[in-house]
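Data block below; observations after.
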Amino acid sequence: MESKKTWHNYLWIVSALYLVLGFFNILFAWLGLICFMVPLLIAILDGSKTYCNKYCGRGQLFELLGGKLNLSRNQDIPRWLRSKWFRYGFLIFFMTMFFNMLFSTWLVFSGVRELREVVTLLWTFKLPWHWANNSTVSPWIAQFAFGFYSVMLTSTVLGLITMLLFKPRSWCVYCPMGTMTQGVCKLKHKDYITKENN
Amino acid sequence: MSLLKNVAVVSKECVACGCCENTCPLNAISVFKGLYAKVDLNKCVGCAKCQKACPASVISIEKKEVI
């Protein structure tokens with residue numbers, strides 16, 4: 001029995017398009033903020049993970065590649081990868097790198113540092129990205145775009161690796177946004193959790 | 001009258017990603033308040049589709065008494 005598909009079942013196209021657009025104009029990277037703000041807003045206002053459950057285009061993309069295209073080995077994820085220690089540890093690491101990226105943007109904004117036209121993959125490998133047009137905006141706007149695209153590309157690469165090795169949506173297990181929104185939901189429904197544990 | 005049947009059981013390590021919810025052909029499993037997946041034991045037939053889809057491998061199929 002196949003359920004009827006609706007518009008949100010095709011959000012994987014948006015995710016794929018986002019990655020492609022970054023190769024042509026790095027400023028499109030700013031659109032990635034939607035993937036940061038919407039899940040958080042839903043978790044804070046609605047107290048749910050509806051974004052992860054229904055609207056995450058990246059999750060759908062992994063599902064498509066790993067499931068429909070059979071690229072995943074479909075093996076169980078190692079226990080340590082799904083442990084609270086790893087999930088929250090990865091969230092802290094991810095947020096630290098994110099704030100580091102914001103600091104770099106601020107340095108460019110304040111004129112201390114010049115714009116660096118590179119995309120940093122896996123927080124280590126600096127890929128020259130000077131062809132992606134950014135001539136029309138202030139350097140700090142472009143710097144944020146390079147930094148944010150680095151974050152998005154890095155998480156996609158990590159997601160692809162775990163998709164190949166384990167199950168299609170293994171990324172969802174340790175996705176920092178998923179961990180964060182689940183944390184928000186736990187705080188929001190603290191009374192319910194306490195009641196259930198008693 | 002109670003009935004012993006195979007049903008999906010979700011462990012506390014659930015990350016509430018919703019993969020199970022999207023896979024279940026009977027809408028018997030859903031993410032509850034963004035915390036974890038909850039199974040409707042009356043609807044669940046233990047087909048194990050959710051178990052296969054779960055990226056965290058926290059779903060098992062167990063025999064349970066259902067009222």
Side-chain angles (χ1 to χ4, degrees), chain A residues 1-3 8-9 39 42-44 46-56 59-60 62-63 66-67 72 74-79 81-84 87 159 162-163 166-175 177-193 196-197, chain B:
Chain A
M1 190 168 77
E2 186 115 347
S3 56
H8 59 75
N9 295 115
I42 292 176
I44 293 166
D46 186 44
S48 75
K49 281 189 67 172
T50 308
Y51 183 85
C52 297
N53 306 159
K54 284 195 169 70
Y55 306 120
C56 180
Q60 289 173 14
F62 292 144
E63 180 95 63
S72 174
N74 268 307
Q75 298 293 308
D76 283 350
I77 198 165
R79 220 183 169 88
L81 257 176
R82 67 171 198 241
S83 69
K84 261 188 190 164
R87 291 178 63 219
T162 45
M163 178 270 286
F166 311 116
K167 287 189 182 175
R169 287 185 71 154
S170 293
W171 166 252
C172 302
V173 177
Y174 62 98
C175 166
M177 287 314 296
T179 308
M180 204 194 299
T181 49
Q182 195 182 21
V184 171
C185 291
K186 278 180 182 172
L187 288 174
K188 203 148 168 130
H189 304 297
K190 215 159 78 182
D191 295 343
Y192 177 82
I193 296 169
E196 205 185 40
N197 287 339
Chain B
M1 198 177 80
S2 62
L3 175 78
L4 195 67
K5 68 169 190 174
N6 281 333
V7 288
V9 176
V10 184
S11 94
K12 288 207 165 172
E13 286 173 297
C14 177
V15 297
C17 64
C19 294
C20 51
E21 187 178 321
N22 297 329
T23 319
C24 181
L26 297 171
N27 296 321
I29 190 164
S30 55
V31 175
F32 180 72
K33 294 179 188 279
L35 302 171
Y36 49 78
K38 212 173 187 179
V39 183
D40 183 337
L41 298 181
N42 292 312
K43 282 186 185 174
C44 181
V45 292
C47 70
K49 284 198 173 178
C50 55
Q51 187 189 28
K52 277 178 203 141
C54 178
S57 304
V58 294
I59 300 178
S60 56
I61 303 297
E62 293 174 18
K63 269 206 169 11
K64 272 209 163 182
E65 217 164 280
V66 180
I67 302 160

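For the numbers below, each heavy atom of this structure counts, side chains included, while hydrogens, waters and symmetry mates do not. Remember, predicted model here, so these are calculated numbers, not experimental data. All chains are named by letter (A, B, ...) in the order of the sequence lines, taking the proteins before the strands, and each is independently numbered beginning at 1.
- Scanning both residues, A:I77 and B:S57, for their nearest heavy atoms gives N-OG, 4.0 Å.
- Proximity to chain A (any heavy atom under 4.5 Å) is restricted, for B:C19, to the side chain, taken from C-beta onward.
- Counting heavy-atom neighbours within 6.0 Å of B:K5 NZ, excluding the residue itself, gives a total above 12.
- A donor-acceptor pair under 3.5 Å is formed between the side chain of A:K167 and the backbone N or O of B:C54.
- With a 4.5 angstrom heavy-atom cutoff, A:I42 does not touch chain B via any of its atoms.
- Proximity of a side-chain donor or acceptor of A:R82 to a complementary backbone N or O of B:A56 within less than 3.5 Å is detected.
- Remark: side-chain polar atoms of B:N22 are paired, donor with acceptor, to backbone N or O of A:N53 under 3.5 angstrom.
- Taking the salt bridge (charged side-chain N to carboxylate O under 4.0 Å, His left out) definition, one finds that A:K49 meets it with nothing, sequence neighbours left out.
- No side-chain heavy atom of A:K188 sits under 4.5 Å from any side-chain heavy atom of B:K33.
- Residue contact with chain B, scored on non-hydrogen atoms closer than 4.5 Å, involves the side chain of A:E196 exclusively.
- Looking at B:C20, neither its backbone nor its side chain comes within 4.5 Å of chain A, counting heavy atoms on both sides.
- For A:K84, no part lies near chain B; criterion is any non-hydrogen pair under 4.5 Å.
- A:Q182 is linked by a side-chain hydrogen bond (donor to acceptor under 3.5 Å, both in side chains) to A:R87, counting only residues two or more places apart in sequence or in another chain.
- Within the 4.5 angstrom heavy-atom criterion, only side-chain atoms of A:Y192, from C-beta onward, approach chain B.
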